[in-house]
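Residues: numbered from 1 along the sequence shown. All values derive from a computational prediction rather than experimental measurement.
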Amino acid sequence: MITDNFLNELKSEISNLKKEGLYKNEYQITSQQQADIEIFHAETQKKVINFCANNYLGLANNKDLIEIGKRSLDNYGLGTASVRFICGTQDIHKMFEQRLASFLGYEDVISFSSCFAANNGVFAALFNKDDAIISADLNHASLIDGIRLCKAKRFFYKFDDMSDLEQKLQEAKDSKNKVIVTDGVFSMDGDIAKLDEICNLAEKYQSLLLVDDCHATGFIGANGRGTAEYFGVEGRIDILTSTLGKALGGTAGGFIAAKKEIIDKLRNKARPYLFSNNISPVTAATSIEIINKIEDSNDLIEKLAHNTQYFRKEMLKAGFNLRDEKATHPVIPVMLGDAKLASYFATKMIEEQGIYVIAFSYPVVPKNEARIRVQISAAHEQHHLEKAISSFKKVGKALGVI
């Protein structure tokens with residue numbers, strides 16, 4: 001039974017989080033996910049411009065995709081009501097996986113309920129105590145958790161320090177199999193991993209390379225094929241994990257792309273695949289059309305790049321610290337340092353300026369590195385960008401940030 005002591009401990013912890021500015025409030029969005037949204041908070045309804053969604057290509061409420069989704073509901077129903085190997089594989093799932101594999105240039109793809117699930121299942125299924133995992137220190141929580149579930153030896157390197165990575169590869173030289181693990185794009189800062197150099201080291205030390213490309217698939221690279229295309233190293237990344245929950249429509253779902261033998265092993269050994277329902281048929285159907293859209297035209301990719309460049313330039317000109325002045329990714333951290341300041345800044349942006357942004361603080365980011373993480377979308381028009389920049393300036397000056 002739940003004791004009073006247990007509940008009092010929880011209440012005390014939550015109270016401390018609020019005092020330190022670390023408590024995570026949740027706003028209710030009462031409209032479709034798009035640039036202009038409506039939110040409900042503190043008993044009030046408010047129209048705001050959304051600058052914190054992963055909706056990079058602006059496809060989360062695309063009318064054509066919604067119509068395809070409706071037809072899929074008529075054809076396949078709501079969901080599978082089963083895991084894949086029992087009776088949860090519909091033909092639309094296989095069509096989607098084959099289409100995605102072709103787009104990314106891999107032999108096969110396996111889909112999961114989320115990329116978190118994919119990353120939680122991949123390591124224990126493929127590696128054991130005789131192997132070694134060499135992981136970037138800023139990798140996503142899902143990779144960290146997945147690695148913890150595996151019995152392989154663990155090594156960690158500073159994400160942008162190739163000499164440190166090489167040293168860890170040398171330390172792991174006696175392992176049966178080695179795998180370097182990195183985010184393609186580190187989601188808190190928008191840093192892009194040095195995949196060209198990492199590929200060279202992987203080949204030099206005969207190591208596998210696994211890349212989580214969640215914040216790149218669909219919009220990084222000239223044709224949206226991710227960080228491999230961005231660096232010109234397509235065909236050199238052994239295992240790619242990513243999501244359907246960001247640029248590819250924003251629905252739930254993740255996947256792993258690799259050679260057929262790796263995918264076959266995962267279909268038989270990856271626990272999140274074996275013991276949990278997979279993506280819905282609606283997600284599979286709409287994702288096929290999204291891939292078609294990206295291949296047919298790179299207009300959205302180019303618009304996103306233009307929006308990102310403009311916003312970064314104007315924010316730097318205003319005097320904000322964006323951490324890396326040369327960065328190009330649509331994840332843009334406005335560095336504030338103090339958690340309370342970041343939380344107050346975000347609240348003023350929402351409540352007074354109508355700009356929906358969220359403060360990120362410990363443990364999501366390191367202590368004393370609190371920031372507002374702005375995310376640019378192809379759904380943003382010029383007036384959205386100008387309004388956001390103007391609002392940041394007003395609040396920044398009022399709080400003494402600039």
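The backbone N or O of Asp213 sits less than 3.5 Å from a side-chain atom of Thr217, completing a donor-acceptor pair. Put simply, the side chain of Asn50 never gets that close to the backbone of Asp36: no donor and acceptor are under 3.5 Å apart. With Lys340 contributing its side chain and Lys19 its backbone, the two residues share a donor-acceptor pair below 3.5 Å. Of the possible polar contacts, one joining the Thr243 side chain to the Gly253 backbone as a donor-acceptor pair under 3.5 Å is found. No side-chain donor-acceptor contact under 3.5 Å links Thr227 to the backbone of Tyr230. Not one N or O on the side chain of Ser102 forms a donor-acceptor pair closer than 3.5 Å with the backbone of Gln98. Remark: the backbone N or O of Ser175 is not paired with any side-chain donor or acceptor of Lys153 at under 3.5 angstrom. The backbone N or O of Ser142 sits less than 3.5 Å from a side-chain atom of Asn120, completing a donor-acceptor pair. Listed for the Asp161 side chain is a donor-acceptor partner under 3.5 Å among the backbone atoms of Asp164. The backbone N or O of Asn128 sits less than 3.5 Å from a side-chain atom of Asp131, completing a donor-acceptor pair.
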Between Arg236 and Leu209, does a side-chain contact (heavy atoms from CB on, under 4.5 Å) hold up when you go through it step by step? CA-CA 8 Å; Arg236 298 174 67 188; Leu209 174 57; over 6 Å; no
Test His329 against Phe219 for ring pair (Phe, Tyr, Trp, His ring centres under 6.0 Å), laying out the working first. CA-CA 10 Å; His329 195 273; Phe219 65 98; 5.6 Å; yes
Could you go step by step and tell me if Leu336 and Leu399 meet the side-chain contact (heavy atoms from CB on, under 4.5 Å) rule? CA-CA 11 Å; Leu336 297 169; Leu399 297 183; over 6 Å; no
Let me see the working for Tyr106 and Lys259 under side-chain contact (heavy atoms from CB on, under 4.5 Å), right down to the final yes or no. CA-CA 6 Å; Tyr106 283 87; Lys259 287 189 174 295; over 6 Å; no
Salt bridge (Lys or Arg N to Asp or Glu O under 4.0 Å) between Lys303 and Glu381: does it pass, once the steps are laid out? CA-CA 9 Å; Lys303 183 180 179 184; Glu381 302 298 341; 2.9 Å; yes
Could you please spell out the steps behind the side-chain contact (heavy atoms from CB on, under 4.5 Å) verdict for Phe186 and Asp160? CA-CA 11 Å; Phe186 296 92; Asp160 60 351; over 6 Å; no
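Separation of atoms NZ (Lys269) and CZ (Arg271) is listed at 10.5 Å; rounding is to 0.5 Å. For the atom pair CE (Met335) and CZ (Arg323), the distance works out to 7.0 Å, reported to the nearest 0.5 Å. Leu138 CG to Asp191 CG: the interatomic distance, rounded to the nearest 0.5 Å, is 7.5 Å. The distance from the OH atom of Tyr76 to the NE2 atom of His93 is 9.5 Å, given to the nearest 0.5 Å. If you take OG1 on Thr182 and CD1 on Ile192, they are separated by 11.5 Å, rounding to the nearest 0.5 Å. For the atom pair CD of Gln375 and OG1 of Thr308, the computed distance is 10.5 Å after rounding to the nearest 0.5 Å.
Between Lys94 and Asp91, no side-chain nitrogen of the basic residue sits less than 4.0 Å from a carboxylate oxygen of the acidic one, so the salt-bridge criterion is not met. Between Asp130 and Lys151, no side-chain nitrogen of the basic residue sits less than 4.0 Å from a carboxylate oxygen of the acidic one, so the salt-bridge criterion is not met. Using a cut-off of 4.0 Å between Lys/Arg side-chain N and Asp/Glu carboxylate O, Arg371 and Asp189 are scored as salt-bridged. Look at Glu351 and Lys46 and you find no salt bridge, because none of the NZ, NE, NH1 or NH2 atoms lies under 4.0 Å from a carboxylate O.
A side-chain hydrogen bond (donor to acceptor under 3.5 Å, both in side chains) with Ser280 is found for one member of Asn277, Asn278, Thr283 and no other, namely Thr283. For the salt bridge (Lys or Arg N to Asp or Glu O under 4.0 Å) criterion with Asp64, the lone passing option out of Lys293, Lys70, Arg71 is Lys293. None of Ile92, Ile279, Leu100, Leu244 except one satisfies the side chain to side chain contact (heavy atoms under 4.5 Å, CB included) rule with Ser287; the exception is Leu244.
Annotation: side chain of Val109 is not in contact with side chain of Ile256 (no heavy-atom distance under 4.5 Å). Residues Ile263 and Glu107 are not in side-chain contact: their nearest non-hydrogen atoms beyond the backbone lie 4.5 Å or more apart. No side-chain heavy atom of Ile358 sits less than 4.5 Å from a side-chain heavy atom of Ile372. Using a 4.5 Å cut-off on side-chain heavy atoms (C-beta onward), Leu210 and Asp238 make no contact. Lys204 is not listed as a side-chain neighbour of Asn200, based on a closest heavy-atom distance of 4.5 Å or more. Counting heavy atoms from C-beta outward, Ile39 and Ile350 have side chains that approach closer than 4.5 Å. Residues Phe255 and Cys115 fail the side-chain proximity criterion, which asks for heavy atoms closer than 4.5 Å. When side chains are defined from C-beta on, Asp183 does not count as touching His215, because their heavy atoms never get closer than 4.5 Å.
For the pair Lys168 and Tyr157, the cation does not sit on the ring face, since its NZ or CZ is not both under 6.0 Å from the ring centre and inside 45° of the axis.
Checked against a 6.0 Å centroid threshold, the rings of Tyr27 and Tyr356 count as neighbours. For an aromatic pair to be called close, the ring centres must be under 6.0 Å apart, and His380 with Phe51 satisfies this.
For the residue pair Asn55 / Ser377, no side-chain donor-acceptor distance below 3.5 Å is found, with atom types taken as modelled. For Glu295 and Asn223, the side-chain atoms include no donor-acceptor pair closer than 3.5 Å. Between Glu166 and Tyr205, the side chains place a donor N or O and an acceptor N or O closer than 3.5 Å (distance only, hydrogens not considered). Side-chain contact, Gln34 with Asn61: a donor N or O sits under 3.5 Å from an acceptor N or O. Checking Ser31 against Glu38 by side-chain atom types alone, no donor-acceptor pair falls below 3.5 Å. Defined by atom type and a distance below 3.5 Å, a donor-acceptor pair is missing between the side-chain atoms of Asn5 and Thr3. At a cut-off of 3.5 Å, with distance as the only test, no side-chain donor of Ser15 or Ser12 sits close to an acceptor on the other residue. The closest side-chain donor-acceptor pair between Asn292 and Arg99 falls under 3.5 angstrom. No hydrogens or angles considered: a donor-acceptor pair under 3.5 Å links the side chains of Gln45 and Thr30.
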Output a table of donor-acceptor pairs, distance under 3.5 Å, between side-chain atoms of residues 81-89 and any protein atom two or more places apart or on a different chain; print 'none' if there are none.
unit_1, atom_1, unit_2, atom_2, d
Ser82, OG, Cys87, N, 3.0
Arg84, NE, Thr89, OG1, 2.7
Arg84, NH1, Glu97, OE2, 3.0
Arg84, NH1, Ser111, OG, 3.2
Arg84, NH2, Glu97, OE1, 3.2
Arg84, NH2, Glu97, OE2, 3.3
Thr89, OG1, Arg84, O, 3.0

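Atom CD of Glu325 is surrounded by 12 or fewer heavy atoms from other residues, nucleotides or ligands within 6.0 Å. Crowding of Leu78 atom CG: a count of heavy atoms from other residues, nucleotides or ligands under 6.0 Å not exceeding 12.
Between Phe392 and Phe345, the two ring planes are tilted [angle within 30° to 60°].
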